[in-house]
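Report on the structure given below.
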Amino acid sequence: MFDSKSPVIKVGGYIIVGLFTLLIVVSFGMPDFMSKIGVDENVVAIVNGEKIYRLDFLRYRDNMSRQIPDANKKEMQDQILNSLIMRKLMLQKIEDIGIRITDERVMENIKSIPFFKNKDGKFDKSILERYLNYNHLALPDFFLTVKEDLLINEFRHLVITGIGVSPNEVKTDYAIEKSQFQIKYCHISAADLDKRYKKDITVTEREIDDELQKSQDEIKDPKTDRKRIRDKLERQKLNKIKSELIAAVDKLAAEKKSFNQAASVLKGNVMVSEPFRIGDPVKSRTKGKMLHSISNSSIFTDSLSRLESGQTSKVIDSFDGIYIFTPVKKNYKLKDPEASDYDRIQDEIANQVNNSVYISMMTSLREESRIIKNLKFN
């Protein structure tokens, strides 16, 4: 590599190469390694400079194990650490915005926990002490955990109270819940198209010669050129036939013609779906399989409620063939729900919005934070 006879130049050259190599490895290959240099092994994570100690993690994991049977498995412990990190991020946010809980309120909360009450329904300090001893907890640690839980609940309550649900939202969700649709559809698969038009897409040797002559850049390997060109020309012919077929059916749809008329042009298999609600996936009644190509189509979602029963849709062109459909059942009415349904739907919408806001907020907090994970398994 370094041919100079001078040992100084040789050594200097190797040092320079070594430095460049180290720089590349440090920059791209070991970011976590560099961030963990000097981190105490008793620290499992550092969140914005605040340490989470192994003992805190073990207590949190043991508490979670009551809800998660596999909490002690290695693959679950990283997820549990992530949950603890998110808890720490939330507490830091609570500190920033100034939410406070008095010590008196924490003690009142502890005393109100049913588990710590005797047969007479009164708080029993001895039951609390037995609980702390059994879980190897000191009272100040338990007090802090309860206080943090109250702070988090207070924070979540503030988020929830800022969420409003309008009567129109409840009415719309109720209509969706009570809606019932069913479609008849016609489907011809890509394989069936190939079989049906096999003679029409046949490619002659002359056509292959003409294509090779016309496109010299297509010549790559004499052993495979002709087959590749044949396949290419067959696809072109089939795509042209398919485009003409789609155009013919779409013309019928534009003229608001019947599904039966369009199906006679398409000549596919006609079937009926399972009944479904708005937003639910469409399933085949005969085989019960999911009809993803229909459910995920903008043609389907845009025209389902607009089409009259028996009127054909435009063609849904998908990887597994082409479809048309017509509604055979449409039940969708905007009306006021019963009082019990109203409260339930209102709560469901509020919970959905609350969860969405919470997830968005925590994602933003995590992205803006500096987090170092140092969890090691025995």
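Heavy atoms only: backbone and side chains are in, while hydrogens, waters and symmetry mates are out. Every value quoted in this text rests on a predicted model; they were computed, and no experiment measured them.
- Residues satisfying the ring pair (Phe, Tyr, Trp, His ring centres under 6.0 Å) test with F115, not counting sequence neighbours, are Y131.
- Contact of the L245 side chain with the Y197 side chain is registered, since non-hydrogen atoms from C-beta on lie closer than 4.5 Å.
- Proximity of a side-chain donor or acceptor of H187 to a complementary backbone N or O of M271 within less than 3.5 Å is not detected.
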Would you please test L238 and D194 for side chain to side chain contact (heavy atoms under 4.5 Å, CB included) and show each step?
-> CA-CA 7 Å; L238 183 61; D194 283 340; 2.7 Å; yes
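- For residues 251-273, the pairs satisfying side-chain hydrogen bond (donor to acceptor under 3.5 Å, both in side chains) are K251-E255, with sequence neighbours left out.
- Remark: the backbone N or O of I359 is paired with a side-chain donor or acceptor of T363 at under 3.5 angstrom.
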What do the steps show when you test F181 against D280 for side chain to side chain contact (heavy atoms under 4.5 Å, CB included), and what is the final call?
-> CA-CA 10 Å; F181 286 79; D280 287 346; over 6 Å; no
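- Pairing each heavy atom of A262 with each of V249, the nearest pair is CB-CG1, 4.0 Å.
- Checked options K330, K329, E274; the residue passing with Q182 is K329 (criterion: side-chain contact (heavy atoms from CB on, under 4.5 Å)).
- Scanning for side-chain contact (heavy atoms from CB on, under 4.5 Å) contacts around K242 gives L193, I246, D317, I322, with sequence neighbours left out.
- Contact check on E205 versus R226 returns a salt bridge, with a Lys/Arg side-chain nitrogen under 4.0 Å from an Asp/Glu carboxylate oxygen.
- Using a 3.5 Å distance cut-off with no hydrogens or angles, the side chains of Y60 and S83 do pair a donor with an acceptor.
- Judged by distance alone, with hydrogens and angles left aside, the side-chain atoms of T326 form a donor-acceptor pair with the main-chain N or O of Q311 at under 3.5 Å.
- Between K198 and E234 no salt bridge is recorded (no basic side-chain N to carboxylate O distance below 4.0 Å).
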D231 and R235: salt bridge (Lys or Arg N to Asp or Glu O under 4.0 Å), yes or no, with the steps?
-> CA-CA 6 Å; D231 292 342; R235 283 195 306 273; 5.3 Å; no
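- For the side-chain hydrogen bond (donor to acceptor under 3.5 Å, both in side chains) condition, the pairs that include at least one residue of residues 108-124, sequence neighbours left out, are D124-S126.
- With sequence neighbours excluded, the residues that form a side-chain contact (heavy atoms from CB on, under 4.5 Å) with I371 are V47, I85, L89, R366, S369, K373.
- Under a 4.0 Å N-O distance rule, the pair D341/R344 qualifies as a salt bridge.
- Not a single ring pair (Phe, Tyr, Trp, His ring centres under 6.0 Å) links Y185 to another residue, sequence neighbours left out.
- Checked by atom type, the side-chain pair N168/S166 shows no donor-acceptor distance below 3.5 Å.
- Judged by distance alone, the side chain of D56 and the main-chain N or O of I52 form no donor-acceptor pair under 3.5 Å.
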